[in-house]
Amino acid sequence: MSKNLKIGLFGFGVVGQGLLDIIQSQNLNLEIIKIAIKDPRKKRTLNKDLFTTDKNEILNNTEINTIVELINDADAAYDIVTTALKNGKNVVSANKKMIATHLKELVDLQQKHGTSLLYEGAVCGSIPIIRNLEEYYDNELFHALSGIFNGSSNYILSKIFNENQSYNSALKEAQDLGFAETDPILDVGGYDPKYKLAIATAHAYGLFVNPDAILNIGIQNLSQHDIKYAREKNFKIKLVPTARKVNTKDIVTYVLPKLVAKDDFLYNVENEYNAVTVQAAFADKQFFFGKGAGGHPTGAAVLSDIAALRYDYRYEYKKYHSENGVKHTEDILLEVYLRYADEDLISLLEFDNISERYAASEYKYVIGTVKLESLIRNRDLLLDQDVFVAYTGRQIYKQEQVAENVYAAELAVL
């Protein structure tokens with residue numbers, strides 16, 4: 001039987017209004033009782049009695065059985081969500097930073113209080129990736145998850161590679177259209193996709209990873225030299241979060257710009273669209289594509305969660321509860337393109353192998369294999385404006401493979 005949901009909504013911005021539009025267009029067994037807002041002076045088209053600035057007017061209302069949290073403030077969202085779960089109310093949230101940072105605690109709270117927290121709208125907008133990881137791949141031998149998780153950075157990169165815009169021009173256009181914030185570093189710096197990756201990794205592998213442990217390098221230092229290099233090699237550059245199983249127990253995660261070839265699914269994902277590529281032992285490679293931002297696309301994902309709560313749906317976190325023993329690792333070699341100014345950086349990164357090197361007065365780069373652990377250790381140096389790093393797409397798991405590749409390259413030269 002479908003439950004009658006009485007909803008308390010926190011936040012009435014783009015996603016909140018998009019959600020309301022969708023609800024009003026359908027005949028659903030739910031009702032919004034109260035909406036918490038920050039600014040009571042802002043003109044609204046709805047009855048003013050529907051709004052409140054007091055969170056407790058919603059959290060302590062016994063008539064309300066479902067909380068929908070759609071605010072930007074991660075700390076305030078944490079307080080709202082945890083209080084609601086403890087009070088026996090089910091919750092739908094789209095706050096990826098809050099969820100990623102506190103996910104293990106939130107899972108334990110749900111189990112302790114018999115409540116449900118759903119958050120499809122927190123990861124890749126309209127793409128139903130969390131439900132698919134939770135249900136479709138729950139018994140699969142899951143290998144890898146990657147994609148384009150941030151519409152703002154992808155919009156900027158699309159304008160650069162498709163329309164020859166400069167980075168600054170593309171960024172301003174993204175800001176004018178509302179895709180990027182006035183301070184865009186959360187998007188272009190790779191923080192937003194890092195939070196989303198942490199959430200997805202929990203469902204893909206049953207592994208809770210603190211977002212602080214995930215390397216994120218963004219596109220903010222992208223230069224014309226990097227763009228020219230990618231074009232000459234027939235690549236596009238995309239900002240790609242990745243979670244990958246490197247053996248039966250070790251999972252590696254990172255967010256890096258990637259040199260994407262034409263045969264990669266992500267090559268033709270443009271503008272504000274998001275995409276997720278998954279690979280499993282039996283289903284092999286599959287591709288999800290859809291709008292990653294906007295009131296209606298994200299609102300649709302939120303509504304899907306609300307609708308699921310009418311039938312008491314909850315995430316089971318089967319892989320986590322199976323205690324499969326997987327752990328997070330930094331022990332992997334990646335092949336990267338690195339533009340740099342200071343030669344000392346090459347020594348500090350301790351490249352295992354350099355297969356290509358170019359040096360001129362205005363532009364220097366190397367292509368080589370480097371440990372992920374070394375990139376993490378020297379992350380602050382990689383954020384220097386004279387540095388840009390991009391993953392080439394090649395992962396080398398064992399030291400022997402490096403030697404084999406060097407030997408093959410030497411034979412090719414001979």
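Throughout, residue positions are numbered sequentially from 1 according to the sequence presented. Not measured: the values here are computed from a predicted model.
- A 6.0 Å sphere centred on NZ of K285 holds no more than 12 heavy atoms belonging to other residues, nucleotides or ligands.
- Residues F265 and F289 place their aromatic rings such that the two centres sit no closer than 6.0 Å.
- In this structure, a donor-acceptor pair under 3.5 Å is present between the side chains of D226 and S223.
- Ionic pairing of E163 and K159 is present here: one or more N-O contacts between side-chain nitrogen and carboxylate oxygen are shorter than 4.0 angstrom.
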### Message
One pair to check against ring-ring contact (aromatic ring centres under 6.0 Å, His included): H225 and Y365. What are the steps and the verdict?
### Response
CA-CA 10 Å; H225 295 299; Y365 77 82; over 10 Å; no
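- A salt bridge links K364 and E343; the closest N-O separation between the charged side-chain nitrogens and carboxylate oxygens is under 4.0 Å.
- Side-chain contact of R314 with T115: a donor-acceptor pair under 3.5 Å is absent, judged by distance alone.
- Residues E69 and N95 meet the side-chain proximity criterion, which asks for heavy atoms closer than 4.5 Å.
- Considering only heavy atoms from C-beta on, N210 stays 4.5 Å or farther from H328 through its side chain.
- Here the side chains of F282 and L141 are in contact, with some heavy-atom distance below 4.5 Å.
- In this structure, F10 and L70 have side chains that are not in contact, with every pair of non-hydrogen atoms separated by 4.5 Å or more.
- Using a 4.5 Å cut-off on side-chain heavy atoms (C-beta onward), I354 and I367 make no contact.
- Judged by distance alone, the side chain of N87 and the main-chain N or O of K89 form no donor-acceptor pair under 3.5 Å.
- At least one donor-acceptor pair under 3.5 Å links the side chain of N154 to the backbone N or O of N271.
- Side-chain contact between H102 and T82: absent, with no pair of heavy atoms (C-beta onward) separated by less than 4.5 Å.
- Under a 4.0 Å N-O distance rule, the pair K371/D331 does not qualify as a salt bridge.
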### Message
As a quick check of understanding, evaluate salt bridge (charged side-chain N to carboxylate O under 4.0 Å, His left out) for K112 and D108, giving each step before the final call.
### Response
CA-CA 6 Å; K112 180 178 180 180; D108 292 341; over 6 Å; no
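- Annotation for K318: atom NZ counts as buried by contact number, over 12 foreign heavy atoms lying within 6.0 Å.
- Residue E105 places its CD atom among more than 12 non-hydrogen atoms of other residues, nucleotides or ligands, all under 6.0 Å distant.
- Side-chain atoms of N65 come within 3.5 Å of backbone atoms of K6 as a donor-acceptor pair (strictly under, hydrogens ignored).
- By the 4.5 Å heavy-atom criterion applied to side chains, L5 and L309 are counted as neighbours.
- The shortest side-chain heavy-atom distance between K238 and Y267 does not fall under the 4.5 Å cut-off.
- Residue-environment remark: OH (Y136) stays at or below the threshold of 12 foreign heavy atoms within 6.0 Å.
- In this structure, H203 has its ring center under 6.0 Å from that of Y317.
- Counted by atom type alone, S152 and D187 present one or more donor-acceptor pairs between their side chains at under 3.5 Å.
- N221 contributes a side-chain N or O that, together with a main-chain N or O of L383, makes up a donor-acceptor pair within less than 3.5 Å.
- Taking the six-membered ring for Trp and the full ring otherwise, Y363 and Y229 have centroids separated by 6.0 Å or more.
- In summary, D192 and K97 do not engage in a salt bridge, as defined by a charged side-chain N under 4.0 Å from a carboxylate O.
- The pair K172-D176 counts as a salt bridge, with a side-chain nitrogen and a carboxylate oxygen less than 4.0 angstrom apart.
- Heavy atoms from other residues, nucleotides or ligands lying under 6.0 Å from CD of Q385 number 12 at most.
- Under the 3.5 Å distance criterion, with hydrogens and angles disregarded, a donor-acceptor pair is assigned to the side chains of T392 and E335.
- A salt bridge between D79 and K55 is present, with a side-chain N of the basic residue lying under 4.0 Å from a carboxylate O of the acidic one.
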### Query
Would Y391 and Y254 satisfy ring-ring contact (aromatic ring centres under 6.0 Å, His included), going step by step from the backbone distance to the final call?
CA-CA 10 Å; Y391 170 44; Y254 50 85; 5.7 Å; yes
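- No more than 12 heavy-atom neighbours from other residues, nucleotides or ligands sit within 6.0 angstrom of CG on N72.
- Salt bridge status for K34 with E57: present, with a side-chain N to carboxylate O gap under 4.0 Å.
- Ion pairing between a basic and an acidic side chain is recognised when a charged N comes within 4.0 Å of a carboxylate O; D250 and K327 show such pairing.
- No side-chain donor-acceptor contact under 3.5 Å links D384 and Y340.
- Checking E173 against Y155 by side-chain atom types alone, a donor-acceptor pair falls below 3.5 Å.
- Remark: aromatic rings of F51 and F12 are close, center separation under 6.0 Å.
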